[in-house]
Amino acid sequence: MLSKTTEGRTLTNRRMFMNKTGIGIIVAMVVLFFAFLGIYNEQVSKDEKVNEAWGNVEATYQRRSDLIPNLVETVKGYASHEKQTLLAVTEARQQVTNIKAEIGDGVSLSPEAIQKFAEAQNQLSGALSRLLVTVEKYPDLKANQNFIDLQHQLEGTENRIVVARQRYNETVATLNTSVRSFFGRIVASVSGIKVRQPFKAVEGSNTAPTIAF
């Protein structure tokens, strides 16, 4: 049989072991908590950057949309009989406006919403390109100062659109990498932060079109 002294030492050792184990568990829980908090804050920050980048995409497209009424009126002044071409641009612009109102602020963009937005913008780009082609038939229109100013503004806007789309996709890629990582996926399942949809435009639209009149 163990002596009382030996039994006392054994109990003491057990208590010390249990105390150390308990402290270790607490420390591990604290470390995991702060790790979770760090990943959560990181994902929130990246999610907000995606929202900001999408806002810039919409703003650059809106800038182009705002230029179109003046462009249509200017062309109409010299080529009023190009009714079908002018109407196509106006209708495509309205479709873009409708899609933008439908998807709202873009915070929870679905793949379908992104696709509809891209398709509407591409249709507007096509209609706008066809309108600009008709300008070649009207030298007086090409020399009009208001038209020249619109040319410069459209050219700058198209470049901004390309840059805005690229930056949006970069922020989406950064967020998605975090959300899809092992620990990031665990945190995202609790926080509700989801993988975001990149902007996929048609082939060749990643470069700004040349607008020459």
When rounded to the nearest 0.5 angstrom, what distance separates [atom1] in [X] from [atom2] in [Y]?
X: Asp149; Y: Thr74; atom1: CG; atom2: OG1; result: 9.5 Å
X: Tyr168; Y: Arg196; atom1: OH; atom2: CZ; result: 5.5 Å
X: Asn144; Y: Tyr138; atom1: CG; atom2: OH; result: 14.5 Å
X: Leu67; Y: Arg93; atom1: CG; atom2: CZ; result: 9.5 Å
X: Arg185; Y: Gln43; atom1: CZ; atom2: CD; result: 11.0 Å
X: Leu154; Y: Arg64; atom1: CG; atom2: CZ; result: 8.5 Å

Co-membership, hydrophobic cluster, residues [X] and [Y], 4.5 Å side-chain:
X: Val195; Y: Phe117; value: yes
X: Ile186; Y: Tyr40; value: yes
X: Val44; Y: Ile39; value: yes
X: Leu71; Y: Leu87; value: no
X: Phe182; Y: Leu32; value: no

Residue pair [X] / [Y]: nearest heavy atoms and the distance that separates them:
X: Thr177; Y: Ala173; result: OG1-O, 2.8 Å
X: Leu175; Y: Lys46; result: CD1-CB, 3.9 Å
X: Val172; Y: Pro198; result: CG1-N, 3.9 Å

Query raised in the report: For atom CD of Gln84, is the number of surrounding heavy atoms from other residues, nucleotides or ligands below 6.0 Å larger than 12?
Result: no

Are [X] and [Y] side-chain neighbours, meaning at least one heavy-atom pair lies under 4.5 Å?
X: Val179; Y: Lys194; answer: no
X: Trp54; Y: Asn51; answer: no
X: Leu124; Y: Ile68; answer: yes
X: Val163; Y: Thr60; answer: no
X: Val89; Y: Val75; answer: no

Report task. For this output row, return yes or no: ring centroids of Phe147 and Tyr78 closer than 6.0 angstrom. Result -> no

Report task. Verify salt bridge (charged side-chain N to carboxylate O under 4.0 Å, His left out) between Lys116 and Glu119, making sure each step is shown before the conclusion. Result -> CA-CA 5 Å; Lys116 288 178 68 174; Glu119 288 175 354; over 6 Å; no

Does [Y] offer a backbone N or O that forms a donor-acceptor pair with the side chain of [X] under 3.5 Å?
X: Ser80; Y: Gly77; result: no
X: Glu82; Y: Leu131; result: no
X: Ser45; Y: Glu42; result: no
X: Asn169; Y: Phe199; result: yes
X: Asn122; Y: Ala118; result: yes
X: Ser178; Y: Thr174; result: no
X: Asn159; Y: Glu155; result: yes

Is it the case that [X] and [Y] place a side-chain donor and acceptor less than 3.5 Å from each other?
X: Glu91; Y: Gln95; result: no
X: Thr157; Y: Arg63; result: yes
X: Gln94; Y: Asn98; result: yes

Requested in this report: Using a strict 4.0 Å threshold on nitrogen-to-oxygen distance, state whether Glu52 and Lys49 make a salt bridge.
Outcome: no

